[in-house]
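For the numbers below, each heavy atom of this structure counts, side chains included, while hydrogens, waters and symmetry mates do not.
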Amino acid sequence: MDKIPQIEDVLKVVKNTPTKYDNRIHELHKGEHFSKMYAAYRPQYPQEIYDKIMAYHSENPNNERQLAVDVGCGTGQGTLPLTKYFKKVIGTDVSEDQINNMPKNVPNLESHVSFAEDLKFLKDGTVDLVTIATALHWVDHPKFFKEVARVLKPGGTFAAYTFCSDAIDNTEWQAHFLELTKTLFVNYVTSKVHHIFDKYESLEFPFKHLKR
C-alpha cells in the first residue's frame, strides 16, 4: 500500500472544497433506500460520549432532565441513547426520509423535520440539553448558535461531538477513509467540513464554561 495520507493533507483539500452544498443541504440525505442504508450501517457512538455529556450536565445542580433535543439527528444514532436520561427526547433533521427511518417504538422519543437554524417548534428557554453529532459542518453557525441559546434553559447544556478519522484504530482502514474523503466525499460536503478534521479547534463557540 502507498503512504498513508495524513490528516493535514486532507485538511488542505477540504478547506478548498467547492461550496455548492452550503445552501442546499435539503437536497442531500434523501430517498427511502438511502435512509434505510444509513440506519443500518451508520456507526453508533460510544457510551463514553454520553457519560461525559451527562457528567457535564450534572455539574450544574439546577439542570433538569426533562427535555433533550438532538439536532441533525439523521436516523437517530445519537438521539436514541439520550432517551435513557431524559423524560422526553426530540430528534430534528432537515431530511424527512431520515426522520421516517428513526425508531418508532420508543415512548419518550419524538421527531421533527426542521432546519437546525430554525427550531421554531420549541419555545424559549424550554430545553435542558441540545446535542449535535457529526452535523455541525452542515449548519450556519451564527444562526444555529443563536437558536441554541434561545431554546436552552438558563445553565442548560449544549454538546457538539463528531467522528474523527484518527478514531479508526486500523491504519489501513484509516488510509482508505482519508483517501475517500479527499477524492469522493469532498464532492458532497460543505465548506465547513474541515472542522471535523481539526476537531473543532478552529471553531469559536459563543458559550460560557466551554469544555472540550
Does the side chain of Ile132 reach to within under 4.5 Å of the side chain of Phe144, using non-hydrogen atoms?
-> yes
Which value, rounded to the nearest 0.5 Å, describes the distance between Trp173 atom CH2 and Leu180 atom CG?
-> 13.5 Å
Is a donor on one side and an acceptor on the other found under 3.5 Å between the side chain of Arg42 and the backbone of Gly74?
-> no
Going through the checks in order, is the salt bridge (Lys or Arg N to Asp or Glu O under 4.0 Å) test met by Glu32 and Lys36?
-> CA-CA 6 Å; Glu32 181 69 13; Lys36 284 187 179 299; 3.2 Å; yes
Should we say atom CD of Glu204 is surrounded by more than 12 heavy atoms from elsewhere, each under 6.0 Å from it?
-> no
Measure from the side-chain N and O atoms of Lys104 to the backbone N and O of Met102, and report whether any donor-acceptor pair falls under 3.5 Å.
-> yes
If we ignore angles and hydrogens, is there a donor and acceptor under 3.5 Å between the side chains of Asp51 and Gln47?
-> yes
Answer yes or no: is there a side-chain heavy-atom contact under 4.5 Å between Lys199 and Thr162?
-> no
Between Gln98 and Ser35, a side-chain donor and acceptor under 3.5 Å | yes
Please find out if less than 6.0 Å separates the ring center of Phe205 from that of Phe145.
-> yes
If every non-hydrogen atom of Gly91 is compared with every non-hydrogen atom of Ile99, which pair is closest and at what distance?
-> O-CD1, 3.9 Å
Under the side chain to side chain contact (heavy atoms under 4.5 Å, CB included) rule, what do His195 and Glu201 come out as? Steps first, then yes or no, please.
-> CA-CA 7 Å; His195 289 302; Glu201 288 294 338; over 6 Å; no
Do Ile90 and Cys73 touch side chain to side chain, with heavy atoms closer than 4.5 Å?
-> no
Check whether any side-chain heavy atom of Val130 lies under 4.5 Å from a side-chain heavy atom of Leu152, and answer yes or no.
-> yes
Donor-acceptor under 3.5 Å (Thr83 side chain, Leu80 main chain) = yes
Rounded to the nearest 0.5 Å, how far does CG of Leu109 lie from CG of Leu82?
-> 9.5 Å
Begin from the C-alpha positions of Ser114 and Asp93 and carry the test side chain to side chain contact (heavy atoms under 4.5 Å, CB included) through to its verdict.
-> CA-CA 6 Å; Ser114 69; Asp93 199 276; over 6 Å; no
Give me the one residue out of Arg65, Lys87, Gln66 that meets side chain to side chain contact (heavy atoms under 4.5 Å, CB included) with Asp128.
-> Gln66
Grab the two heavy atoms, one from Ala116 and one from Val71, that are nearest each other, plus how far apart they are.
-> CB-CG1, 3.3 Å
Indicate the atoms forming the closest heavy-atom contact of Tyr50 with Gly78, along with that distance.
-> OH-CA, 3.4 Å
Taking every heavy atom of Val139 against every heavy atom of Ala135, the minimum-distance pair comes out as CG1-O, 3.8 Å
Could you go through the side chain to side chain contact (heavy atoms under 4.5 Å, CB included) check for Phe86 and Leu129 one step at a time?
-> CA-CA 9 Å; Phe86 289 84; Leu129 169 71; 3.6 Å; yes
Phe158 vs Phe207 aromatic rings, parallel, tilted or perpendicular, using cut-offs 30° and 60°?
-> tilted
Salt-bridged, Lys143 to Glu147, with N to O below 4.0 Å?
-> no
With the side chain counted from C-beta on, respond yes when Glu110 and Lys88 share a heavy-atom pair under 4.5 Å apart, and no when they do not.
-> yes
Result of checking Val127, Asn108, Val89 against Leu67 for side chain to side chain contact (heavy atoms under 4.5 Å, CB included) | Val127
Is the backbone N or O of Gln44 less than 3.5 Å from a side-chain atom of Gln77, with the two atoms forming a donor-acceptor pair by type?
-> no
Criterion salt bridge (Lys or Arg N to Asp or Glu O under 4.0 Å) against Asp124, the qualifying member of Lys153, Lys146, Arg150 | Arg150
Check: Asn63 side chain, Glu59 main-chain N or O, donor-acceptor pair, under 3.5 Å | no
Between atom CG of Leu122 and atom NE2 of His112, what is the distance when rounded to the nearest 0.5 Å?
-> 7.0 Å
With no hydrogens and no angle check, do the side chains of Thr131 and Tyr161 hold a donor and an acceptor under 3.5 Å apart?
-> no
Does Glu64 offer a backbone N or O that forms a donor-acceptor pair with the side chain of His57 under 3.5 Å?
-> yes
Close aromatic pair by centroid cut-off 6.0 Å: Phe163 and Tyr45 = yes
Ring-ring centroid check Tyr200 His137, cutoff 6.0 Å = no
Any idea which heavy atoms bring Asp140 and Glu117 closest together, and the distance?
-> N-OE2, 2.7 Å
Does any non-hydrogen side-chain atom of Val151 lie less than 4.5 Å from one of Val69?
-> no
Tell me, with the steps shown, if Val94 and Trp138 meet side chain to side chain contact (heavy atoms under 4.5 Å, CB included).
-> CA-CA 10 Å; Val94 70; Trp138 293 115; over 6 Å; no
Apply the test side chain to side chain donor-acceptor pair (under 3.5 Å) to residues Thr79 and Asp70: give CA-CA distance (whole Å), side-chain angles for both, the deciding distance (0.1 Å), then the verdict.
-> CA-CA 6 Å; Thr79 321; Asp70 183 39; 2.6 Å; yes
